[in-house]
Amino acid sequence: MEYKIIDFQQHGDNRGMLVALENSKEIPFIIRRIYYLYNTGKNVRRGYHAHRKLQQILICVSGSCVIHLDDGVQTAEITLNKPYEGLYIANNMWREMYSFSEDAVLLALASELYDESDYIRDYQEFCRYVQEQKN
Ligand code: T46
């Protein structure tokens, strides 16, 4: 499956901690957009889509949440709970996000501007699409 956990370098001293992220260094694409999710309800599950082109890095900068990934063949559940850890997600990957803690802030670094036509929001369509890509 095309995802990976990236451990970012932490710059810490007696004042606290800092993580710095730069294009083409820690982030394997040019960042064209940043957004973040917060105040997500306790029992909410969101996402339910894949992207044709978009690559992303998700960082739970506060609290915790779980990311469900599905590439049409395999699935994975990844808990994000460290502000120095990023989850890289390639394109063509179905994702759902759940188990948000009350204080969760999920930051997303995205390779593309917002484009609704890049979304596949139907799971059966996603399975057909990834199969077509392989043929
Ligand atoms: C993803 C997961 C992790 C915008 O207007 N601009 C934006 O850049 C985004 C991301 C969303 N929106 C609007 C579109 C919807 O009316 O914000 C509303 C909520 O978006 P959505 O339902 O897509 O949110 P999630 O949590 O299901 O998914 C989001 C991202 O869309 C998606 O790319 O990978 O977070």
Side-chain angles (χ1 to χ4, degrees):
M1 291 183 80
E2 235 189 311
Y3 75 86
K4 66 178 173 194
I5 298 285
I6 306 174
D7 269 326
F8 302 127
Q9 188 183 354
Q10 299 178 71
H11 304 273
D13 57 30
N14 56 9
R15 297 169 300 172
M17 306 303 289
L18 184 154
V19 168
L21 304 175
E22 294 185 17
N23 279 330
S24 310
K25 285 193 185 169
E26 295 81 6
I27 309 303
F29 52 76
I30 302 295
I31 301 166
R32 294 202 169 78
R33 180 167 51 106
I34 294 172
Y35 63 88
Y36 44 94
L37 312 180
Y38 59 99
N39 278 356
T40 306
K42 201 173 170 211
N43 298 313
V44 168
R45 195 169 172 114
R46 57 191 299 172
Y48 294 98
H49 61 255
H51 289 280
R52 293 179 170 83
K53 191 170 170 204
L54 185 81
Q55 304 170 65
Q56 296 198 108
I57 289 190
L58 300 181
I59 308 164
C60 205
V61 290
S62 168
S64 64
C65 66
V66 180
I67 314 294
H68 166 86
L69 294 178
D70 179 339
D71 66 359
V73 178
Q74 290 176 278
T75 63
E77 312 295 315
I78 299 115
T79 298
L80 292 179
N81 55 11
K82 299 180 185 77
Y84 55 86
E85 196 173 83
L87 171 64
Y88 167 79
I89 308 175
N91 62 330
N92 294 343
M93 189 84 80
W94 187 264
R95 83 272 331 257
E96 295 166 22
M97 299 85 77
Y98 63 100
S99 282
F100 285 84
S101 63
E102 235 174 67
D103 57 346
V105 180
L106 183 63
L107 177 72
L109 311 178
S111 67
E112 310 297 328
L113 300 179
Y114 179 67
D115 175 8
E116 185 55 39
S117 70
D118 187 58
Y119 285 70
I120 304 174
R121 293 190 182 272
D122 178 84
Y123 184 71
Q124 298 310 324
E125 187 189 338
F126 163 70
C127 291
R128 281 195 300 274
Y129 181 77
V130 287
Q131 199 51 51
E132 277 165 26
Q133 299 294 304
K134 287 178 192 158
N135 295 334

Colleague: Considering residues at least two apart in sequence or located in another chain, which fulfil the salt bridge (Lys or Arg N to Asp or Glu O under 4.0 Å) criterion with E96?
Modeller: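 With sequence neighbours excluded, E96 shows a salt bridge (Lys or Arg N to Asp or Glu O under 4.0 Å) to R45, given in chain and number order.
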Colleague: Applying the 4.5 Å side-chain criterion to the ILVMFWY set and letting contacts propagate, would Y3 and Y129 be lumped into a single cluster?
Modeller: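 They do not share one cluster, since no chain of ILVMFWY contacts under 4.5 Å joins Y3 to Y129.
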Colleague: In terms of hydrophobic clustering (I, L, V, M, F, W, Y; side-chain heavy atoms under 4.5 Å; direct or indirect links), are M93 and L87 co-clustered?
Modeller: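 Linked, M93 and L87 end up in one cluster.
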Colleague: Which label fits W94 and F126: parallel for a plane angle under 30°, tilted from 30 to 60°, or perpendicular past 60°?
Modeller: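 Tilted, since the angle between the ring planes falls between 30° and 60°.
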Colleague: So how far is it from M97 CE to C60 SG, rounded to the nearest 0.5 Å?
Modeller: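 Spacing of CE (M97) from SG (C60) equals 11.0 Å.
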Colleague: Check this for me: does any side-chain nitrogen of one of E116 and R121 sit under 4.0 Å from a carboxylate oxygen of the other?
Modeller: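 Result for this pair is yes, salt bridge flagged.
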Colleague: Can H49 and I120 be said to form a side-chain contact (heavy atoms from CB on, under 4.5 Å), step by step?
Modeller: CA-CA 5 Å; H49 61 255; I120 304 174; over 6 Å; no
Colleague: Is a donor on one side and an acceptor on the other found under 3.5 Å between the side chain of N91 and the backbone of R52?
Modeller: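 A pair under 3.5 Å: yes.
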Colleague: Going through the checks in order, is the side chain to side chain donor-acceptor pair (under 3.5 Å) test met by T79 and N81?
Modeller: CA-CA 6 Å; T79 298; N81 55 11; 6.0 Å; no
Colleague: For I57, run the side-chain contact (heavy atoms from CB on, under 4.5 Å) check against L107, I89, I31, I6 and tell me which one passes.
Modeller: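 Exactly one candidate clears the test, I6.
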Colleague: When you compare the side chain of K82 with that of D7, does any pair of heavy atoms fall below 4.5 Å?
Modeller: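 No, too far: nothing below the 4.5 Å cut-off.
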Colleague: Would you say the side-chain atoms of D103 and S101 include a donor-acceptor pair closer than 3.5 Å?
Modeller: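 Yes.
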Colleague: Going only through I, L, V, M, F, W and Y residues with side-chain contacts under 4.5 Å, is there a path from Y88 to I78?
Modeller: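 Unlinked, Y88 and I78 end up in two clusters.
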Colleague: Is the closest side-chain heavy-atom distance between E112 and D118 below 4.5 Å?
Modeller: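 Counting from C-beta outward, E112 and D118 never come under 4.5 Å.
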Colleague: Can you get from I34 to V19 by hopping between Ile, Leu, Val, Met, Phe, Trp and Tyr side chains that sit under 4.5 Å apart?
Modeller: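 The answer is yes; both residues are in one hydrophobic cluster.
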Colleague: Which atom names give the shortest non-hydrogen contact between V130 and G72, and what distance separates them?
Modeller: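 Closest approach of V130 to G72, heavy atoms only: CG2-CA, 4.3 Å.
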Colleague: Let me see the working for H51 and Y119 under side-chain contact (heavy atoms from CB on, under 4.5 Å), right down to the final yes or no.
Modeller: CA-CA 5 Å; H51 289 280; Y119 285 70; 3.3 Å; yes
Colleague: Count the heavy atoms belonging to other residues, nucleotides or ligands that lie under 6.0 Å from NZ of K134, then report whether that count exceeds 12.
Modeller: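 Enclosed.
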Colleague: On a heavy-atom basis, which atom in D115 and which in S117 lie closest, and how many Å separate them?
Modeller: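 What the structure gives for the nearest pair is OD1-OG, 2.7 Å.
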Colleague: When you look at V66 and L80, which way does the side-chain contact (heavy atoms from CB on, under 4.5 Å) test go after all the steps?
Modeller: CA-CA 6 Å; V66 180; L80 292 179; over 6 Å; no
Colleague: Just by distance, do the side chain of S111 and the backbone of L54 share a donor-acceptor pair under 3.5 Å?
Modeller: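 No; judged by distance alone, with no hydrogens or angles, the pair does not exist.
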Colleague: Yes or no on side-chain contact (heavy atoms from CB on, under 4.5 Å) for N92 and D71, after CA distance, side-chain angles and deciding distance?
Modeller: CA-CA 7 Å; N92 294 343; D71 66 359; over 6 Å; no
Colleague: Going by side-chain hydrogen bond (donor to acceptor under 3.5 Å, both in side chains), name the pairs with one or both residues in residues 30-43, residues two or more places apart or in two chains.
Modeller: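 For residues 30-43: Y35-Q56.
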Colleague: Within the 4.5 Å heavy-atom criterion, are N23 and F29 side-chain neighbours or not?
Modeller: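 Heavy-atom side-chain distance check fails, nothing below 4.5 Å.
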Colleague: On a heavy-atom basis, which atom in F100 and which in C65 lie closest, and how many Å separate them?
Modeller: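 Where F100 meets C65 most closely, the heavy atoms are CD2-CB, 3.7 Å.
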Colleague: With E77, which residues qualify under side chain to side chain donor-acceptor pair (under 3.5 Å), at least two apart?
Modeller: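 In terms of side chain to side chain donor-acceptor pair (under 3.5 Å), with neighbours along the sequence ignored, E77 is linked to H68, Y98.
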Colleague: Tell me whether I59 shares a hydrophobic cluster with I5, the cluster being built from Ile, Leu, Val, Met, Phe, Trp, Tyr side chains joined at under 4.5 Å.
Modeller: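 Different clusters: I59 never reaches I5 through Ile, Leu, Val, Met, Phe, Trp or Tyr contacts under 4.5 Å.
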Colleague: Is there a donor-acceptor contact under 3.5 Å from the side chain of Q131 to the main chain of C127?
Modeller: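 Checking the backbone N and O of C127 against the side chain of Q131, no donor-acceptor pair under 3.5 Å is found.
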